[in-house]
Number of protein chains: 2
Amino acid sequence: MSKPSFREQMLRVREDAIVAAVNRLLAEKGYEAMTVDEVAAEVGIAKASLYKHFPSKEALAAAAMVKVLDRALAEVEALGTEAALAPIDRLRAAARWTMRMQLAGEMPTLPAQNSALRAALLADRGYLDRLLMLSEQLGGWIEAAQAAGEIDTALPAEVVLYTLFARACDPVLGMLQASGRHDDAQIVEWVLRTCFDGLATRG
Amino acid sequence: MSKPSFREQMLRVREDAIVAAVNRLLAEKGYEAMTVDEVAAEVGIAKASLYKHFPSKEALAAAAMVKVLDRALAEVEALGTEAALAPIDRLRAAARWTMRMQLAGEMPTLPAQNSALRAALLADRGYLDRLLMLSEQLGGWIEAAQAAGEIDTALPAEVVLYTLFARACDPVLGMLQASGRHDDAQIVEWVLRTCFDGLATRG
DNA sequence: GTCTATAGCCAGATAGAC
DNA sequence: GTCTATCTGGCTATAGAC
């Protein structure tokens, strides 16, 4: 590996800024409502310059989604090294991380079933590879948690996995935050509780 | 009340057809991705004719949302008359109904935080009135369920209410349906279980 | 690689005949 | 009220100078 030149570093920094802006806008308004003009304005460059870095709006969004998955994979890897955690507590910690991300305005919502973005992501090898890797990591924890009697064995691992992905975009977080009556930490704990313990009384 | 004329009946039937088409398209692709041309094509009339019935795309969507709330209110009213049901079972039945609606492709997704539709709905008295009425009905059941020890009292009623609304649009249902490996009834029961009983083992 | 300016397209909304 | 045809604006994407 040769040391990257100054120009290459600048390029990388700029592209990171672009991806960060896209990520924020995706989280705020979703793919369809986000415009390339807004992205350019937020980064502070001309729209044409964006297209020198990314060939299309879809590629822009895909890069942001890949970055989110990379962050999630890093988080999961870090959780995996904490030997003291029970499998269900790893899952809980991962879910807590996604919820904090969402409240911070940095978690793009899942693409709707029939979105132009969805088609682009399904054709993106980098995205699919990371999604698969994350699914396998979490799937391993889910099976371990079920084997340890921590997760309901009446639920297929697939259902548990999808539920965790969906909770990363749970609109309940935003609704509670919008009400302005609660702080973020409290909101996260409530939603985590509904996710893992359910609405019904435990007894 | 005078008997409606034939013309008025035809008008009503046509507008019902329009609202039904909008409802289906909203459920399928969401507000931003739905086009007025598609609505017109599905109803089988010219786009300009649509605008004789509804002044804008937003009004079109709002009418569909109002209709959904009316159906939900009717369902809730019917559940309220079944004296044998415990409060939590009323809530469960209401949630089951929304999930079946979603799997049938008839439940529009909640408008995103920053959507043009959201602003229109917040300015629509008919929508807000119905939403409030539904919230009060469900809120009453939630408090009764908590008083009876059926719903976790560590959760504010507000959190429970928002969670039930959010589960009406839970993407997990669509993901499981898309996998094609399970039938709708099974999917509903799994998601209901995750909602009320949580992912963690009970016992 | 950055910019300004604009092409090309598509969707919401409207005009005007019938 | 229905239609065909069109207007208008905004959005993705590109041309071309520097």
Side-chain angles (χ1 to χ4, degrees), chain A residues 4-19 21-22 25-26 28-65 111-112 114-121 123-124, chain B residues 4-19 21-22 25-26 28-65 111-112 114-121 123-124:
Chain A
S5 72
F6 180 73
R7 296 192 87 86
E8 284 166 344
Q9 287 186 45
M10 289 308 296
L11 187 84
R12 177 64 180 274
V13 165
R14 168 135 303 177
E15 294 199 343
D16 282 351
I18 294 172
V19 168
V22 171
L25 286 167
L26 280 181
E28 179 188 331
K29 42 209 309 183
Y31 177 74
E32 324 281 344
M34 176 186 81
T35 70
V36 178
D37 289 84
E38 286 171 327
V39 177
E42 179 145 333
V43 179
I45 62 177
K47 181 165 53 170
S49 302
L50 275 189
Y51 281 95
K52 298 288 182 180
H53 292 274
F54 299 92
S56 68
K57 180 184 177 184
E58 289 172 3
L60 219 44
M65 298 299 288
N114 188 343
S115 165
L117 177 57
R118 184 176 170 80
L121 291 177
D124 185 314
Chain B
S5 73
F6 180 73
R7 295 195 89 83
E8 283 165 342
Q9 288 187 45
M10 290 307 296
L11 187 83
R12 177 63 180 274
V13 165
R14 169 135 303 178
E15 295 198 341
D16 282 351
I18 294 172
V19 168
V22 171
L25 286 167
L26 280 182
E28 178 187 331
K29 41 212 307 183
Y31 178 75
E32 324 281 345
M34 177 186 82
T35 70
V36 178
D37 289 85
E38 286 171 327
V39 177
E42 179 146 333
V43 179
I45 62 177
K47 180 163 58 168
S49 302
L50 275 189
Y51 281 93
K52 297 287 183 182
H53 293 274
F54 299 91
S56 67
K57 180 184 177 184
E58 289 172 3
L60 220 44
M65 298 298 289
N114 188 344
S115 164
L117 178 56
R118 185 176 170 80
L121 291 176
D124 185 314

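Just so you know, these numbers use all the heavy atoms, side chains as well, and skip hydrogens, waters and symmetry mates. Note that this is a predicted model, so its numbers are computed, not measured. In what follows, chains carry the letters A, B, and so on, assigned in the order in which the sequence lines appear, proteins first and then strands, with residues in each chain numbered from 1.
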Expected rows: protein N/O vs nucleotides 5-9 of chain C N/O, under 3.5 Å:
none

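Closest heavy-atom contact between A:Y31 and A:E58: OH-CG, 3.0 Å. Taking all atoms of both residues into account, the shortest heavy-atom contact from A:A116 to A:E32 is N-OE2, 4.2 Å. Scanning both residues, B:A46 and B:A40, for their nearest heavy atoms gives C-CB, 4.1 Å. Residues B:A62 and B:D124 come closest through the heavy atom pair CB-OD2, 3.6 Å.
The phosphate of C:dT14 has neither OP1 nor OP2 within less than 4.0 Å of any side-chain N or O from B:Y51.
Using a 4.5 Å cut-off on side-chain heavy atoms (C-beta onward), B:V22 and B:L26 make contact. For the pair B:D16 and B:R12, the minimum side-chain heavy-atom distance is below 4.5 Å. Residues B:M34 and B:K57 are in side-chain contact: their nearest non-hydrogen atoms beyond the backbone lie under 4.5 Å apart.
Using a distance-only test at 3.5 Å, with no hydrogens or angles considered, no donor-acceptor pair links the side chain of B:K47 to the main chain of B:V39. In this structure, the side chain of A:E8 engages the main chain of A:S5 through a donor-acceptor pair within 3.5 Å. Between the side chain of B:E38 and the main chain of B:T35, a donor-acceptor pair closer than 3.5 Å is present.
Taking 4.0 Å as the cutoff to heavy atoms of chain A, we find the contact window on DNA chain D bounded by D:dC11 to D:dA15.
Shown for residues 5-16 of chain B: no residue has heavy atoms falling under 4.0 angstrom of DNA chain C. Within a heavy-atom distance below 4.0 Å of DNA chain D, the residues of residues 33-41 of chain A found are A:M34, A:T35, A:V36, A:D37.
Listed by chain and residue number, A:I18, A:I45, A:H53 satisfy the side-chain contact (heavy atoms from CB on, under 4.5 Å) test with A:R14 (two or more places apart in sequence, or in another chain). Contacts of A:R118 classified as side-chain contact (heavy atoms from CB on, under 4.5 Å), with partners at least two apart in sequence or in another chain: A:P111, A:Q113, A:S115, A:L122.
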Step by step, would you call B:V19 with B:F54 a side chain to side chain contact (heavy atoms under 4.5 Å, CB included)? CA-CA 10 Å; B:V19 168; B:F54 299 91; 4.0 Å; yes

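In this structure, the CD atom of B:E58 is 12 Å from the C1' atom of C:dA13, given to the nearest Å.
Across all strands shown, A:K52 has heavy atoms under 4.0 Å from base atoms, whether or not it also approaches the sugar-phosphate.
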